[in-house]
Asker: 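Take this structure, written in structure tokens, and hold onto it; I'll ask about it next.
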2 protein chains.
Amino acid sequence: MALEHAILVSLLEKPGSGYELARRFERSIGYFWTATHQQIYRVLKRMEDDGWVDARTVPQQGRPDKKEYSVADLGRAALSSWLHDPIEPESVRHDLAVKIRGAAFDDPVALIREVERHRQAHRDRLARYLAGEARDFAAPDSSAPDPAPPDAERELQHVVLRGGIAYERMMIDWLDDVLATLAGFGPDR
Amino acid sequence: MALEHAILVSLLEKPGSGYELARRFERSIGYFWTATHQQIYRVLKRMEDDGWVDARTVPQQGRPDKKEYSVADLGRAALSSWLHDPIEPESVRHDLAVKIRGAAFDDPVALIREVERHRQAHRDRLARYLAGEARDFAAPDSSAPDPAPPDAERELQHVVLRGGIAYERMMIDWLDDVLATLAGFGPDR
DNA sequence: AGGGCCATGTAATAAGTTACATGATTGT
DNA sequence: ACAATCATGTAACTTATTACATGGCCCT
């Protein structure tokens with residue numbers, strides 16, 4: 001499983017509490033991994049027991065204390081070992097595709113609204129990703145005399161974000177195709 | 001969860017045994033849903049208990065008997081009700097993306113082989129899908145005097161397959177992008 | 001004789017979801 | 001007063017994965 005590894009990567013990028021991790025999983029990490037806070041707290045505790053992460057309590061003003069986690073040597077080693085282990089290309093799970101094929105045995109036209117909802121959700125996500133890209137990865141000024149050396153962390157974050165963007169674009173195009181197909185069974189033909 | 005519904009759709013398309021379903025999940029259904037035989041047998045049993053499917057034992061020559069399942073009225077109703085229920089746009093889980101961001105804290109160049117393996121797996125899948133499309137959904141002869149009426153089952157299967165094809169193409173392009181990015185951290189620069 | 005396919009399952013473990021629970025602060 | 005946000009967690013339940021298990025037929 002990769003939740004532990006996703007947490008390690010996120011903590012290496014920046015230490016934080018379980019709550020903060022949960023928020024990151026809602027945002028930037030959300031386009032390649034999801035997890036709820038319950039799951040994160042449970043895994044975090046196990047990782048602390050296993051010595052993969054260190055915790056320290058940070059007092060705050062006007063807010064409850066938080067436990068800030070950072071990656072320990074053992075965690076770094078575990079991540080490295082996982083990175084060198086080949087994994088199988090992951091399998092997809094598309095509820096919506098099941099619905100589309102199932103619609104043949106029900107009312108295909110009734111599915112149009114649902115597909116439109118999904119299309120809108122993907123358009124929203126695409127807009128968020130593009131805004132994030134413009135904010136965090138603006139094109140460097142090529143006329144600048146001193147181009148920065150390649151920063152692995154930043155460039156790898158960017159290429160993963162470009163994957164999210166490509167995915168959302170593909171989905172929007174495909175859902176347009178689905179809508180055109182569903183319209184072919186419309187009441188007026 | 002949609003495994004039960006995926007099974008219902010598959011059995012509506014064609015009745016079959018647990019074993020046959022497992023093979024379909026490896027093939028055509030595999031590009032939008034995966035399940036192992038263990039899972040399928042367990043769910044199938046529950047569905048039989050709930051009266052969603054009927055089973056009959058089919059004796060075979062030179063092979064063990066099989067239990068052929070088909071969808072009962074209750075199952076059809078359950079599918080229909082699920083189809084009319086909105087679902088949330090699904091969340092993605094990409095182990096490989098975790099690895100790519102994690103590589104910033106290890107050796108990015110070491111990841112190249114892994115990414116290449118994945119790229120090849122997606123190329124293989126794309127080739128399989130395209131072959132399946134050519135076999136099952138050849139373009140109709142537009143000069144034929146009597147164009148067949150739209151067949152919902154067939155057209156919906158086709159549009160889902162086109163989704164699988166679009167997904168694989170997107171992944172291949174993205175992995176090319178990832179490889180180009182990783183090469184930027186090569187030993188010779 | 002050995003490997004692969006057909007066919008069905010159980011058992012144990014891991015992972016993920018949903019519901020419940022608490023309690024302070026900040027904004028409306 | 002009420003809702004939202006910060007912050008952490010437990011408990012119960014559902015799903016999914018991995019390993020184990022059986023047994024006959026077909027082909028080489």
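Throughout, a chain's letter reflects where its sequence line sits, starting with A, and its residues are numbered from 1. Computed from a prediction, not measured in an experiment: that's the story for all the values here.
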Asker: Is the phosphate of C/dC6 approached by B/Y19 (side-chain N or O, under 4.0 Å from OP1 or OP2)?
Answerer: yes

Asker: To the nearest angstrom, how far is A/D65 atom CG from C/dT25 atom C1'?
Answerer: 14 Å

Asker: Which of these nucleotides, C/dC6, D/dA16, D/dT8, is closest to any side-chain atom of B/R63?
Answerer: C/dC6

Asker: Sort out for me which residue in B/R63, B/R27, B/K66 forms a salt bridge (Lys or Arg N to Asp or Glu O under 4.0 Å) with B/E20.
Answerer: B/K66

Asker: Quick one: B/H37 NE2 to C/dT10 C1', roughly how many Å, whole number?
Answerer: 10 Å

Asker: If only side-chain N and O atoms of A/S17 are considered, is one of them under 4.0 Å from the OP1 or OP2 phosphate oxygen of D/dC6?
Answerer: no

Asker: Between P on D/dT8 and CZ on A/R56, what's the gap in Å once rounded to a whole number?
Answerer: 13 Å

Asker: Between B/Y41 and A/T34, which is nearer to the 5' end of DNA chain C once each is assigned its nearest nucleotide?
Answerer: B/Y41

Asker: So A/H94 and A/Y167, would you call those rings parallel, tilted or perpendicular, with 30° and 60° as cut-offs?
Answerer: parallel

Asker: Whole Å only: how far is the NZ atom of B/K66 from the P atom of C/dT8?
Answerer: 8 Å

Asker: Could you tell me the separation between the NZ atom of A/K45 and the C1' atom of D/dG9, rounded to a whole number of Å?
Answerer: 7 Å

Asker: Counting distance alone, no hydrogens or angles: does the base of C/dT17 have a donor or acceptor under 3.5 Å from a partner atom on the side chain of A/R42?
Answerer: yes

Asker: Decide if the gap between the ring center of A/Y31 and the ring center of A/Y129 is smaller than 6.0 angstrom.
Answerer: yes

Asker: Quick check on DNA chain C: between A/T36 and B/Q38, whose nearest nucleotide comes earlier from the 5' end?
Answerer: B/Q38

Asker: A/Q39 side chain N/O closer than 4.0 Å to the phosphate oxygens (OP1, OP2) of C/dT17?
Answerer: yes

Asker: What integer distance in Å separates A/I40:CD1 from D/dA7:P?
Answerer: 14 Å

Asker: Take atom CZ of A/R23 and atom P of D/dT8, then tell me their distance rounded to the nearest Å.
Answerer: 12 Å

Asker: Does B/Q60 reach a base, just sugar-phosphate, or nothing at all? Heavy atoms under 4.0 Å.
Answerer: sugar-phosphate

Asker: Any Lys/Arg nitrogen of B/E48 or B/K67 sitting under 4.0 Å from an Asp/Glu carboxylate oxygen of the other?
Answerer: yes

Asker: For A/D50 and A/L74, which heavy atoms make the closest approach, and how far apart are they?
Answerer: O-CD1, 3.7 Å

Asker: To the nearest Å, give me how far apart CE (B/M47) and C1' (D/dT14) are.
Answerer: 16 Å

Asker: Between D/dC20, C/dG16, C/dA15, spot the one nearest the side chain of A/W33, thanks.
Answerer: C/dG16

